[in-house]
Amino acid sequence: MKQQVEQLRQQLAAFVPASRLISDLSRRIALSTDASFYQQVPELVVQIAHLEELQQLLRCALALKVAVTFRAAGTSLSGQAVTDSVLVLLTRDWQGVEILDNGQRIRLQPGVIGAEANRRLLPYGRKIGPDPASINSCKIGGIAANNASGMCCGINNNSYHTLQEMAFVLADGTYVDTADAASVAAFRESHQQLLEAIDRLAREVRADPELSDNIARQYQLKNTMGYGLNALLDYHDPVAILAHLLIGSEGTLGFIASITYRTLPLPKAKATGLYVFADSASACAVIPTLKTIGVDAVELMDDRSLRSVSSLLANYSDTPPPHGAVALLIELGRDDAGALQLATSAIETAFQTSATPPQALCAFTEDAATSEGLWKIRKGLFPAVGAVRASGTTVIIEDVAVPLPQLPAAVDALQELFVAHGYDEAIIFGHALDGNVHFVFTQSFTEATEVQRYAAFMEAVQVLVVERFAGTLKAEHGTGRNMAPYVYAQWGGEGLAVMQQLKLWLDPQGILNPGVILNEDPQAHLRHLKHLPAIDPAVDACIECGFCESSCPSTHYTLSPRQRIALKRRQQGLETAEQAQVATDFQHLGIDSCAATGLCATACPVGIDTGQWVRQLRAEQSAHPRLARWLAQHQAGAMQIARFALTLGRPLSRLQQRRPVLPAPARKPQLTVSDTARKVVYFSGCPNRLFATEGQAPLPEVVQQLAAKAGIEVVLCDAPEQCCGQPWASKGYPAQAEQKQRTLQQQLRELSDNGRWPVVMDASPCALQSQMDAVEVVDLSTFLLEHVVPKVQLTPLTQPLMLHVTCSSRHLDGGKALRALAACCSTQVVEPADIQCCGFAGDKGFTCPDLNATALATLAQQVPQGCQLGVSNSRSCEVGLQHHSGIPYQHIAYVLDAISTERLKEA
């Protein structure tokens, strides 16, 4: 195989740049895992930028009989996206979104993140049907290829049922767009025999009562086990059959190049409630009533699930759930508040009149914050198991579905299986409306006995679900490697034969993701198992789910947080020479190119801050402690040297293109003295003391003007030696960082009269770094929103205003204050869709410019016509944003000052 892959690489080099043909060992290992418990190291990784490259890749692979596997976000849980052959990734060029029919339809390319599709639809009051729990990270290509559903999606609103049109590429490189009549006509002519065979097969299936009844029965449940044979019953045009077969085919029948969904309306009024029942039987007994009333979601959680998130549950109950209890989290929406009230009253009446009324941990509420808290309980279940798992074990999540009347017995039977096989930590939760439950448990694969325990357990699950309850072994996570050996058990010989025939016709050489869905090896689910050896307590809890990747600025440059951790884990099992090679490569891939902002922790299910781990690694190899100590002790002098260097270097920096132009040095602010009853202590961060904002007065002067309009005195912390410590922490000198932070905090306590006055930081990273007890420390944008905006008269801009929400703002409050302030400043605020971190990371925009450039690669194209200004709340970020957008960026305080006037006092 290696020889054929090398031949393929040489052929691809003719039309794919070398930078997108990844063959080095370290990056191949880093990309060898998805969110499942399987791992395979690809021989080659190819990043594809456009359709023509993909078609040519498939033609070459077909000629050489080289297997290819497509990966979108790699959040799949069943081993669909790993391979030991050629792994195909998409560049960010596949993020096209087209809103159609005033939001009634949406056309999406496979690289679009699911949550982004919903964000684009929000102004139209619509959403896409699929709503997997990973929607903030997973991409449309994976959602469609796995027929992923979710909590509110149910059976009727998944990709299969909301598909309008599709563009796809077959194994021979043929491209078909079902929305284009000419494309379809050409396909009917070029692939007449294939389409006739599909049509003939569909007629044979429909003419077989036993097989067609089996198919219809299985798709009354949520079902992603095997290929979507319901397409052979639901459609008669072979092109439509083929398009729907591609849904849920996990990249084994073709590549989905775009998909057009029929969208769903968002409810105008919503209510959420959490109720605990005595047992599974009483909880499931009310589900038919809930279905009749028409609720959007019913999430079932067993007693062990509830105990696993006891800290979240404590807000609603101070007593643990009794043994055998089952909770239902219920959400429903209506077009108006009156209809919603009628529905919630009907549900509560049904509860009160039931034989065993539930306990309301939180009765139905329309409060958005309370609802969000309730959903955190449900969404915290999977991470809760991952966070407490033993070192070296992995987390396995499976999902099954049974006919709704069988659900209580199935829940009880699964719990008995856990006990029988020693999975004492296992929990059960799921989408009760559809009889679909997930079970989560931890598993080690380091010992043969553990592998056999897992094998015996899965065999018992198959017997339980398929034979006892006539259910499906895969409801929404896809078949993958771990259920491929059980396709026959669920579908029987006839169903399996139909699937095998379809695979043979569409992929006769078997090059598309072989071994996934269809696999003749009965032990396939026990091979290529992933090991999770301990590497550092800071990151050992990582379950390699990939949720972090969409928030990390280095994902498209070197490695994501998941990939950094995966590479260091797998390094331990390599030969000595390979370990040394990985160690060398990791310096740039893992350490030097990491922004270390910790933004990954905000997306991680178990809160892992990979940036903090990288800072620890930097500290371990820090080579200049004496210099760091000298700079910490002589910061004022160092700043003077830096200003001088800026003056000398600024003209030269204009001559090169890769790095941002050096800003002019900032002058010392001149503040006037006032005496008012309301005061704030103001600390100006190093970036604002060092870098001027072109054409503007120093930021502290502008802030004083704004505060004066609101009747607030600004007390400046004029201490040139002071710093929050962030630069030292980022570089791997924690002792110096702690000393700087401690000294600054002591001075701020004195200036604030021990917390009598709030402390305002004019750089959001400083505000995040300087939080302390008994003294309120806020970012400048928060201060302006809460204390200045209510006291002044505003005339918002009407032209577009670009907004960048910094990593530190996301840590502080999710960016809420900065976004709200921007909305006060302009009627057209534009926040780039796919940029969470700018990658400037203090000084890396100068020292590692490719990180900044990669993170902001899509920024310029998102600047709307007529937009001449961008705002943020971190000066260093603004330098990089200005360079890569082509428009000036500045602190939002400048805009607020320009549009505000002192409010006239009432007579």
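Annotation: side-chain hydrogen bond (donor to acceptor under 3.5 Å, both in side chains) contacts of Ser308 (sequence neighbours excluded): none. Scored by the side chain to side chain contact (heavy atoms under 4.5 Å, CB included) test, Ala432 finds Ile287, Val298, Leu300, Leu407 as partners (sequence neighbours excluded). For Asp412, the salt bridge (Lys or Arg N to Asp or Glu O under 4.0 Å) test picks out no residue, with sequence neighbours left out. Qualifying ring pair (Phe, Tyr, Trp, His ring centres under 6.0 Å) partners for Phe429, counting only residues two or more places apart in sequence or in other chains: His438. With sequence neighbours left out, the side-chain hydrogen bond (donor to acceptor under 3.5 Å, both in side chains) criterion links Glu299 to Arg378, His431. Applying the salt bridge (Lys or Arg N to Asp or Glu O under 4.0 Å) test to Asp302 and every residue at least two apart in sequence or in another chain returns nothing. With sequence neighbours left out, the ring pair (Phe, Tyr, Trp, His ring centres under 6.0 Å) criterion links Tyr488 to no other residue.
Nearest approach of Leu58 to Ile511, heavy atoms of both residues: O-CD1, 4.3 Å. The minimum heavy-atom distance linking Ala470 with Leu221 is given by the pair O-CD1, 4.1 Å.
With 3.5 Å as the limit, one finds a donor-acceptor pair spanning the side chains of Thr472 and Gln490.
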For residues 532-542, run the donor-acceptor check on the side chains, cut-off 3.5 Å, and write out each pair with its distance to 0.1 Å, sequence neighbours left out.
{"residue": "Asp536", "atom": "OD1", "partner": "Ala538", "partner atom": "N", "Å": "2.8"}
{"residue": "Asp540", "atom": "OD1", "partner": "Ile535", "partner atom": "N", "Å": "2.7"}
{"residue": "Asp540", "atom": "OD1", "partner": "Asp536", "partner atom": "N", "Å": "3.0"}

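Side chain of Thr83 to backbone of Ser85: a donor-acceptor contact under 3.5 angstrom is found.
The ring-ring contact (aromatic ring centres under 6.0 Å, His included) analysis of residues 393-414, with sequence neighbours excluded, yields no pairs. Judged as a side-chain hydrogen bond (donor to acceptor under 3.5 Å, both in side chains), the pairs with a partner in residues 419-428 (not counting sequence neighbours) are, in order, Tyr423-Gln443, Glu425-Thr442. Applying the salt bridge (charged side-chain N to carboxylate O under 4.0 Å, His left out) rule to pairs touching residues 501-510 yields Lys503-Asp507, sequence neighbours excluded. The stretch residues 382-397 participates, sequence neighbours left out, in no side-chain hydrogen bond (donor to acceptor under 3.5 Å, both in side chains) pair at all.
The number of heavy atoms from other shown groups lying within 6.0 Å of CD (Gln621) is above 12.
For Tyr557 and His588, the ring centers are positioned less than 6.0 Å apart.
Relative orientation of the Tyr454 and His525 rings is tilted, given thresholds of 30° and 60° on the angle between their planes.
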TODO: Could you walk me through whether Tyr219 and Tyr160 pass ring-ring contact (aromatic ring centres under 6.0 Å, His included), step by step?
DONE: CA-CA 11 Å; Tyr219 285 99; Tyr160 178 92; 7.2 Å; no

